[in-house]
Amino acid sequence: MTEHKYTNKLIHEKSPYLLQHAHNPVDWRPWGPEAFELAKKANKPLLVSIGYATCHWCHVMERESFEDPEIAEYLNAHFVPIKVDREERPDVDSIYMKSVQAFGQQGGWPLNVFVTPDGVPFYGGTYYPSVGRYGLPSFLEVLTFLDKTWREEPEKVEKQSTALINYLKDVSKQEQNTEATADDLGFHGENKTREFYTQSYDRLHHGFLFQQQNKFPPSMGLSLLLRHHHRTGDALSLEMVENTLRAMKHGGIYDQIGGGLARYSTDHQWLVPHFEKMLYDNALFVTALIETYQVTGKREFADHANDVLQYIDRDMTSPEGAFYSAEDADSEGVEGKFYVWTQEEIEKILGRETASIAIPYYNVLPNGNWEGKNILHVKRPPEQIAKDLGLPLDHVQNKLAEAREKLLAVRSQRIRPLLDDKILTSWNGLMIRAMAQVGRVLDDADRIAKAEKALHFIWNNLRTPKGKLLRRWREGEARYDGYLCDYTSIALACCDLYEATYNPDYIEMAETLMQTVEQKFGNEGAYYETASDAEELIVRQVSGYDGVEPSGNSSAAMALLKLAALTQNVDYERRAEKIFLAFSDEVTEYGINSSFMMQALHLYLGGCKQVALRGVESDQGMDAFWPLMRRRFSPNAVFAFALEGDPDATRVPLLTGKEPLKGQTTAYVCQHGSCLPPVTQVAELKNLVDDYRQVHD
């Protein structure tokens, strides 16, 4: 057993991030009343340092500062240090991130915020170097300055913290529009968002130029553009989606050997990634890919989706079937080391013949394309490689498959990056949705079964006997009250699993969750981020911002609309409408920040066609409906299905009272409590589903 010189109170935690800091000389404490009570007794400020296990710059600051005995000694003497895993406590992270941005700093992690014993921030930033550089003061200089200010100028601290708490309360109120009406909602917001994407589109490398250097996967935005294309027929919307998905899949941001999308690209060419892989990025990427396959029928996008999911199966799925959170960028203390190659390595592993095909395909250079090594990426398809080399296409494809298999086998012997094996509820909801969608569209029963297994793990292990969802599971421990995003992400996953399986259990599970949301997160307009019985922080937030994952309110709106269709309960639609009205400014003026909420709004504005299909097993025409129901892109429709005589049909209000006509499979399309005449021909159903309400254009 390794002996450590230092051990602090984080040693009793389950979070991999907190455990990474358990042997720092800093006297870290977990977030909780004990630390704040100590600060009050000692009249000391607290350092709340927030990060996550796969955060590269968190590792850098730990090595430079938190492992430095001199810095630790000063920090321990003058502050009460707290470590927070932002993925376990997004509520704490969100408040303090907004605080740092209010101080004029750019947000990011590690997030280091100095707060009063009442938890109110008065100073903060992100990464501080151990030695002043990059125009930043050293961390010890910051600590010395703040200690002096705390002791000698308490009025400054009080003034800053008072201004900050007032700002946070005002922001929480301002984020909701209390004067909007349904007449303010329309597709004009979607049209405006499409124009913004068009103006930001990188026509050379694809994706969108939102930042000076980095490019983040815009998967939720791509799914919104698909909906715009579906409604309007706009060719550029679809072109931007296809090109961007290909650029990401073939770029260095995608792990060409093992599969999976990295967090972001540090250049506009999608070449050099920040190598960490997050579950939510890959889930949203899969959804965008499979939806693009639905729209275009191009098999490449379905294959890309399956490639991502094979990575999830292999490296990110627990033995119980739930999904892990992330993989680190670093291995052996070096960013990207696990993923890069020299040309010499590849030639030695593959042999001359296979290497002669793999090297040009993956753009391998003798001196590398990044720090002397090669980040593998694809610029030419196998067809072009075959033509350039004068080889048969099937030979090239076989050799590339062989090369990938051999390189993966060799790479698997390397020291792997850290796996953050927390099971996070909302992130699992995203991957369950993605798998259910892929399983439904590709008629893949095994993929649907994996989605179901993950959902049942969450339901059985992260839900209390009283129905409360919990946020995190690790090593047998479920902990932290679930947030709005946890409830609504799982509710929406249940809705998608219903449309993949037609098992009414999933509708009932979704209803149970959304009833709890109404009881514990209810507000006059949109929902609070935290439950009424959760820990009380300095402000109770309401947000519709779709950041790295859909906001809790965005997922709530989508789940409520689907439930309204399936249960025929118009109250669910009214609750979704309240969310749209609360954030009407965002969805009509700044939709790029609310791209998932705008997907839900698209369903609402499109009339939310409620399709009940009653199948007749002996009817040869029933199979003709299957592609429309399961494979086709229908973002303004919700489907329910049951065979004639199925007793479970009575458990789905949308199916109740709707029977097959004259021994034929029959479809009923309903909308806002009224149903159109039933149809028995697929073409008729297609026309009814594709129709959009013109009143909202």
Side-chain angles (χ1 to χ4, degrees), residues 86 89-102 107 119-121 164-182 184-185 189 220 425-426 429 469 471 480-492 513-561 572-601 604:
R86 64 172 285 257
R89 294 300 304 263
D91 54 342
V92 173
D93 175 65
S94 176
I95 289 173
Y96 289 150
M97 182 65 73
K98 286 181 180 176
S99 302
V100 166
Q101 291 167 341
V120 183
L164 194 282
I165 193 69
N166 290 335
Y167 166 80
L168 290 175
K169 289 178 178 177
D170 287 344
V171 165
S172 187
K173 291 176 184 176
Q174 290 169 6
E175 284 188 356
Q176 295 191 79
N177 187 335
T178 57
E179 299 177 358
T181 67
D184 296 316
L185 301 173
M220 287 185 283
T425 300
S426 70
L469 270 188
R471 170 70 176 172
Y480 302 110
D481 287 355
Y483 304 99
L484 178 64
C485 62
D486 295 308
Y487 283 86
T488 59
S489 180
I490 296 299
L492 189 50
L513 291 169
M514 294 310 295
Q515 286 163 5
T516 303
V517 165
E518 188 67 20
Q519 293 162 5
K520 291 184 175 292
F521 297 84
N523 191 9
E524 290 181 4
Y527 294 108
Y528 287 111
E529 296 294 296
T530 52
S532 55
D533 56 356
E535 177 186 349
E536 188 174 343
L537 301 178
I538 57 176
V539 64
R540 193 178 180 199
Q541 297 188 99
V542 176
S543 177
Y545 172 66
D546 297 321
V548 297
E549 63 178 307
S551 73
N553 273 298
S554 297
S555 293
M558 185 74 87
L560 287 167
L561 289 174
Y572 288 134
E573 183 174 336
R574 291 198 187 102
R575 284 156 58 182
E577 188 178 85
K578 282 185 178 181
I579 295 173
F580 298 137
L581 293 176
F583 300 109
S584 60
D585 289 343
E586 281 73 13
V587 297
T588 56
E589 298 294 332
Y590 313 106
I592 199 149
N593 295 325
S594 307
S595 50
F596 194 82
M597 185 171 290
M598 293 197 73
Q599 293 177 44
L601 182 60
Y604 169 80

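Counting from 1, the numbers follow the sequence of the chain as shown. Since this is a predicted model, take the numbers as computed values, not measurements.
Closest non-hydrogen pair, Ala102 versus Tyr167, comes out as CB-CE2, 3.4 Å. The shortest heavy-atom contact between Ala182 and Tyr604 is CB-OH, 4.5 Å. Closest approach of Leu469 and Tyr487 over heavy atoms only: N-OH, 2.9 Å. The two residues Ser99 and Ile95 make their nearest non-hydrogen contact at OG-O, 2.8 Å.
Inter-residue side-chain proximity for Tyr483 and Arg89 is flagged as met; some heavy-atom pair is nearer than 4.5 Å. Contact annotation: the side chain of Asn553 approaches that of Met597 to within less than 4.5 Å [non-hydrogen atoms, C-beta and beyond]. Within the 4.5 Å cutoff, the side chain of Glu529 has no heavy atoms near those of the Arg540 side chain. A heavy-atom distance below 4.5 Å is not found between the side chains of Ser584 and Glu589. With a 4.5 Å cut-off on side-chain heavy atoms, Val542 and Phe583 count as touching. Contact annotation: the side chain of Met514 approaches that of Val517 to within less than 4.5 Å [non-hydrogen atoms, C-beta and beyond]. In this structure the side chain of Thr425 never reaches within 4.5 angstrom of the side chain of Ser489, judged on heavy atoms.
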Handout entry: Derivation of the side chain to side chain contact (heavy atoms under 4.5 Å, CB included) call for Val92 and Leu537
Key = CA-CA 8 Å; Val92 173; Leu537 301 178; 4.2 Å; yes
Exercise for the section: Kindly determine whether Leu513 and Thr516 satisfy side chain to side chain contact (heavy atoms under 4.5 Å, CB included), including the steps that lead there. Expected result: CA-CA 5 Å; Leu513 291 169; Thr516 303; 5.8 Å; no
Handout entry: Audit row: Ser554, Glu549, side chain to side chain contact (heavy atoms under 4.5 Å, CB included) steps and yes/no
Key = CA-CA 10 Å; Ser554 297; Glu549 63 178 307; over 6 Å; no
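For Ile165, the side chain to side chain contact (heavy atoms under 4.5 Å, CB included) partners two or more places apart in sequence, or in a different chain, are Val120, Lys169, Ile538. Taking the side-chain hydrogen bond (donor to acceptor under 3.5 Å, both in side chains) definition, one finds that Ser595 meets it with nothing, sequence neighbours left out. With sequence neighbours excluded, the residues satisfying salt bridge (Lys or Arg N to Asp or Glu O under 4.0 Å) with Arg575 are Glu518, Asp571.
Using a cut-off of 4.0 Å between Lys/Arg side-chain N and Asp/Glu carboxylate O, Asp533 and Lys520 are scored as salt-bridged.
Checking side-chain atoms of Asp546 against main-chain N and O of Phe596 turns up a donor-acceptor pair under 3.5 Å.
A distance of 10.0 Å separates CG in Asp91 from OH in Tyr96, rounded to the nearest 0.5 Å.
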